[in-house]
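Below is one structure, written out as structure tokens, with a few remarks after it.
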Amino acid sequence: QVELFESGGGLVQPGSSLRLSCVDSGRTLSGFAKGWFRQSPGHEREFVAAISSNGITTRYTAPVQGRFTISRDNYAHTVYLQMHSLNTEDTGVYYCAAAPTPALLAARQVTSWGQGTQVTVSS
């Protein structure tokens, strides 16, 4: 069983930065694309970013492009989401996910989900 565990969330002010981490403790989907989703109360879970298994290809949702960077360290079985210039619209529970390709992640065809980490951006 693949187990994805997120960390790094917290409460920050607008304009701040935060880095999320996701560890694949199962080590069974190292060849899979990894990505991030987020969800706010009353909203659907939304795609945020994805990265291919080799780290070459990345995808972002338009609101975060230029502010967020997804990366991965396959030796550490870890995916990161570096977030800059955070605003209140970035608030939500951020979930790590895995799928065979970034396109499948963007299409919500997710193989495995993490449990989520809360990110709150508030003055």
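- No side-chain heavy atom of Thr78 sits less than 4.5 Å from a side-chain heavy atom of Arg72.
- Residues Ile70 and Val79 have side chains in contact (heavy-atom distance under 4.5 Å, counting atoms from C-beta outward).
- Side-chain atoms of Asn74 come within 3.5 Å of backbone atoms of Ser53 as a donor-acceptor pair (strictly under, hydrogens ignored).
- With ring centers used as reference points, Phe47 lies 6.0 Å or more from Trp36.
- Residues Ser17 and Gln82 come closest through the heavy atom pair CB-NE2, 4.2 Å.
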Checklist line | Candidate pair Val64 and Val48, rule side chain to side chain contact (heavy atoms under 4.5 Å, CB included), full reasoning | finding: CA-CA 7 Å; Val64 311; Val48 175; 4.2 Å; yes
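- Using a 4.5 Å heavy-atom threshold, the side chains of Ser30 and His77 count as touching.
- Under the 4.5 Å side-chain criterion, counting only non-hydrogen atoms from C-beta, Thr101 is not in contact with Ser52.
- Nearest heavy atoms, Gly35 versus Leu105: N-CD1, 3.6 Å.
- Closest approach of Val110 to Ala99, counting heavy atoms only: CA-CB, 4.4 Å.
- Looking at heavy atoms from C-beta onward, Glu44 lies out of side-chain contact with Phe37 at the 4.5 angstrom threshold.
- Side-chain atoms of Val12 and Leu86, non-hydrogen and from C-beta on, do get closer than 4.5 Å to each other.
- Judged purely by atom type and a 3.5 angstrom limit, Thr88 has no side-chain atom pairing as donor or acceptor with the backbone of Val121.
- The minimum heavy-atom distance between Pro100 and Phe32, with the atom names listed, is N-CD2, 3.4 Å.
- Among all heavy-atom pairs drawn from Gly114 and Tyr95, the shortest one is O-CD2, 3.5 Å.
- Between Pro14 and Ser123, the closest side-chain pair of non-hydrogen atoms falls below 4.5 Å.
- Here the options are Asp90, Val119, Val93, the test is side-chain contact (heavy atoms from CB on, under 4.5 Å), and the partner is Arg38; only Asp90 passes.
- The ring pair (Phe, Tyr, Trp, His ring centres under 6.0 Å) search around Tyr94 returns none, not counting sequence neighbours.
- Remark: side-chain polar atoms of Glu46 are not paired, donor with acceptor, to backbone N or O of Gln39 under 3.5 angstrom.
- Between the side chain of Arg67 and the main chain of Ser85, a donor-acceptor pair closer than 3.5 Å is present.
- Residues Thr69 and Leu81 have side chains not in contact (no heavy-atom distance under 4.5 Å, counting atoms from C-beta outward).
- One finds the CZ atom of Phe5 at 4.5 Å from the OG atom of Ser25 (value rounded to the nearest 0.5 Å).
- With hydrogens and angles disregarded, a donor-acceptor distance shorter than 3.5 Å links the side chain of Glu6 to the backbone of Cys96.
- Glu89 and Thr91 are not linked by any side-chain donor-acceptor pair at a separation below 3.5 angstrom, with hydrogens and angles left out of the test.
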